[in-house]
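Input: a single structure, listed below in structure tokens.
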Amino acid sequence: MTVQRTVFFVSDRTGITAETLGHSLITQFDGLNFRQVTLPFISTIDKANAAVERINRTGQEEGARPVVFSTMVDESILAVLNRADALVLDFFATFIGPLEQELGLKSTHTAGKAHGVVNEAVYTARIDAMNFALANDDGVTTRNYGESDVVLVGVSRSGKTPTCLYLALQYGIYAANYPLTDEELGRETLPDALLAHRPKLYGLSIKPERLHNIRSERRPDSRYASEEQVRYEIREAETLFRKYSLPFLDTTHSSIEEIATTVLDQMGLSRRFY
């Protein structure tokens, strides 16, 4: 029987930092089913009291203390949260003190600095990169490849689009992607539009079984989703990658975050903002 524990991510802003760090920690514990609840914008004492009531009620109903990951700048609000009948782990309280001591500076204690629009240039760079990824998705156009940082190449549904969007959103990378079609795979050569930008090409592959499942959800019982077709496409795509010495990655067991980081690392690209 799988035991369930509820995990709350509580923040005075969006909760993204608490979610990211907290999720990284709970994934290290197998055999538990974590129900994850985010409580964003807990920015007043009243909201903090309401959050504590909800946390306590959950513990009473489930018969197990919830785990709370928080990122609270306001110490008075954190003090309220600490009264919850739960394991409360506040990332700022854990790390800000030692950092202040080491750096010889007091922190600004400003809420939302990690994810707020604190730098107009960074915000603009993020939006421009996102617009580039959307405008150059799925081989719709190749005329902008000269402006790209990387062009992801692979068969349909191998993870190209979400990886491009993540690279743009998180790193400001100008990422385009191009799907290899039946016709192009049959010619056993990369299209001229790709050859002209060969140093920017990065291949994405995937296990046939996984691709068959993905395509079957989209177009069940079609040639496009058949095991024979997906095996052919993947085999020919990887042959092209090797023929032109293109770096490529099997995305079957990788998250979008892992794929994007691998592309960044292997292509020697630097993120445009933090």
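The basis for the numbers below is simple: all heavy atoms, side chains too, and nothing from hydrogens, waters or symmetry mates. In what follows, residues are counted from 1 in the order of the sequence shown.
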Given side chain to side chain donor-acceptor pair (under 3.5 Å), test R143 with T141 step by step and report yes or no.
-> CA-CA 6 Å; R143 67 177 181 271; T141 179; 3.1 Å; yes

Side chain proximity check, I26 to V67, heavy atoms < 4.5 angstrom | no

Can you check whether R65's main-chain N or O pairs, donor with acceptor, with R5's side chain at less than 3.5 Å?
-> yes

What's the spacing between T239 OG1 and I234 CD1 if we round to 0.5 Å?
-> 11.5 Å

Looking at R271 and Q170, what are the two nearest heavy atoms and their distance?
-> NH2-O, 3.2 Å

Would you say the side chain of L246 lies within less than 4.5 Å of the side chain of R198, judging by non-hydrogen atoms?
-> yes

Would Y202 and T262 satisfy side-chain contact (heavy atoms from CB on, under 4.5 Å), going step by step from the backbone distance to the final call?
-> CA-CA 11 Å; Y202 191 96; T262 300; 3.7 Å; yes

Taking the side chain from T27 and the backbone from S24, do they hold a donor-acceptor pair closer than 3.5 Å?
-> yes

Please step through side chain to side chain donor-acceptor pair (under 3.5 Å) for the pair S270 and Y171, ending with a clear verdict.
-> CA-CA 8 Å; S270 299; Y171 304 122; over 6 Å; no

If Ile, Leu, Val, Met, Phe, Trp and Tyr residues are connected whenever their side-chain heavy atoms lie under 4.5 Å apart, and connections chain through other members, are M267 and L264 in the same group?
-> yes

For residues E233 and D182, determine if any side-chain heavy atom of one lies less than 4.5 Å from a side-chain heavy atom of the other.
-> yes

Would you please test F91 and I96 for side-chain contact (heavy atoms from CB on, under 4.5 Å) and show each step?
-> CA-CA 8 Å; F91 292 110; I96 288 293; over 6 Å; no

Side chains of D46 and T44, donor plus acceptor under 3.5 Å | no

Are V153 and I259 grouped together when hydrophobic residues (ILVMFWY) are joined by side-chain heavy atoms under 4.5 angstrom apart?
-> no

Flag the pair S76 / I45 as yes when at least one side-chain heavy-atom distance between them is below 4.5 Å, and no otherwise.
-> yes

In Å and rounded to the nearest 0.5 Å, what is the CZ to CZ distance from F273 to R126?
-> 4.0 Å

Distance from T161 atom OG1 to L134 atom CG, nearest 0.5 Å?
-> 9.0 Å

Taking side chain as C-beta onward, heavy atoms only, is L240 less than 4.5 Å from E184?
-> no

Is the side chain of D12 donor-acceptor paired with the backbone N or O of V73 at a distance under 3.5 Å, no angle test?
-> yes

Donor-acceptor pair, E236 side chain versus G186 backbone, under 3.5 Å?
-> no

Shortest non-hydrogen pair, S216 vs H212, comes out as OG-O, 2.7 Å

Heavy-atom distance under 4.5 Å between the side chains of P191 and Y178, does that happen here?
-> yes

Does the side chain of I206 reach to within under 4.5 Å of the side chain of I214, using non-hydrogen atoms?
-> yes

Start with the C-alpha gap between E257 and S255, add the side-chain angles, then the distance that decides, and say whether side chain to side chain donor-acceptor pair (under 3.5 Å) holds.
-> CA-CA 5 Å; E257 295 89 342; S255 66; 3.3 Å; yes

Geometric class of the Y145/H197 ring pair [parallel <30°, tilted 30-60°, perpendicular >60°] | perpendicular

Shared ILVMFWY cluster between L169 and I256, side chains joined below 4.5 angstrom?
-> no

Shortest non-hydrogen contact from R223 to S226?
-> O-OG, 2.9 Å

Quick one: does N56's side chain have a donor or acceptor within less than 3.5 Å of a partner on A84's backbone?
-> no

Have a look at V10 and tell me which of V37, D90, L78, V68 forms a side chain to side chain contact (heavy atoms under 4.5 Å, CB included) with it.
-> V68

Drop me the distance from L81's CG to I55's CD1, to the nearest 0.5 angstrom.
-> 5.5 Å

Quick one: CG on L180 to OG on S156, what's the gap to the nearest 0.5 Å?
-> 10.5 Å

Using a strict cut-off of less than 4.0 Å between a Lys/Arg side-chain nitrogen and an Asp/Glu carboxylate oxygen, indicate whether E53 and R57 qualify as a salt bridge.
-> no

Does K47 use its side chain to pair, donor to acceptor, with the backbone of I77 at less than 3.5 Å?
-> no

Checking side-chain contact (heavy atoms from CB on, under 4.5 Å) for the pair F69/L21: CA distance, chi angles, key distance, verdict?
-> CA-CA 8 Å; F69 293 107; L21 296 175; over 6 Å; no

Find out if a path of hydrophobic residues (ILVMFWY) with successive side-chain heavy-atom gaps under 4.5 Å connects F95 to L89.
-> yes

Is a salt bridge present between E209 and R231, judged by a nitrogen-to-oxygen distance below 4.0 Å?
-> yes

Treat each ILVMFWY residue as a node, draw an edge where side-chain heavy atoms are under 4.5 Å apart, and state whether L185 and L195 are in one component.
-> yes

What pair of heavy atoms forms the shortest contact from A168 to A133, and how long is it?
-> CB-CB, 4.3 Å

T251 (side chain) donor-acceptor with G159 (main chain) under 3.5 angstrom = no

Taking only Lys NZ, Arg NE, NH1 and NH2, and the carboxylate oxygens of Asp or Glu, determine whether D128 and R272 approach each other closer than 4.0 Å.
-> no

Salt-bridged, E217 to R157, with N to O below 4.0 Å?
-> no

Stepwise side chain to side chain donor-acceptor pair (under 3.5 Å) test for D85 and Q60 | CA-CA 9 Å; D85 185 13; Q60 293 165 3; over 6 Å; no

At what distance, to the nearest 0.5 angstrom, does CG of N136 lie from CG of N144?
-> 4.5 Å

Using the side-chain contact (heavy atoms from CB on, under 4.5 Å) rule, take L152 and C164 through it: C-alpha gap first, then chi angles, then the decisive distance, then the call.
-> CA-CA 8 Å; L152 300 184; C164 283; 3.7 Å; yes

Check whether any side-chain heavy atom of L249 lies under 4.5 Å from a side-chain heavy atom of V263, and answer yes or no.
-> no

Looking only at atom types and distance, does a side-chain atom of R219 sit under 3.5 Å from a main-chain N or O of A225, one as donor and one as acceptor?
-> no

Minimum heavy-atom distance between K200 and S148, given as atom pair plus value = NZ-O, 2.8 Å

Looking only at non-hydrogen atoms, find the nearest pair between R54 and F8 and report the distance.
-> NE-CE2, 4.1 Å

When you measure from the side chain of K160 to the backbone N and O of V151, does any donor-acceptor pair fall under 3.5 Å?
-> no

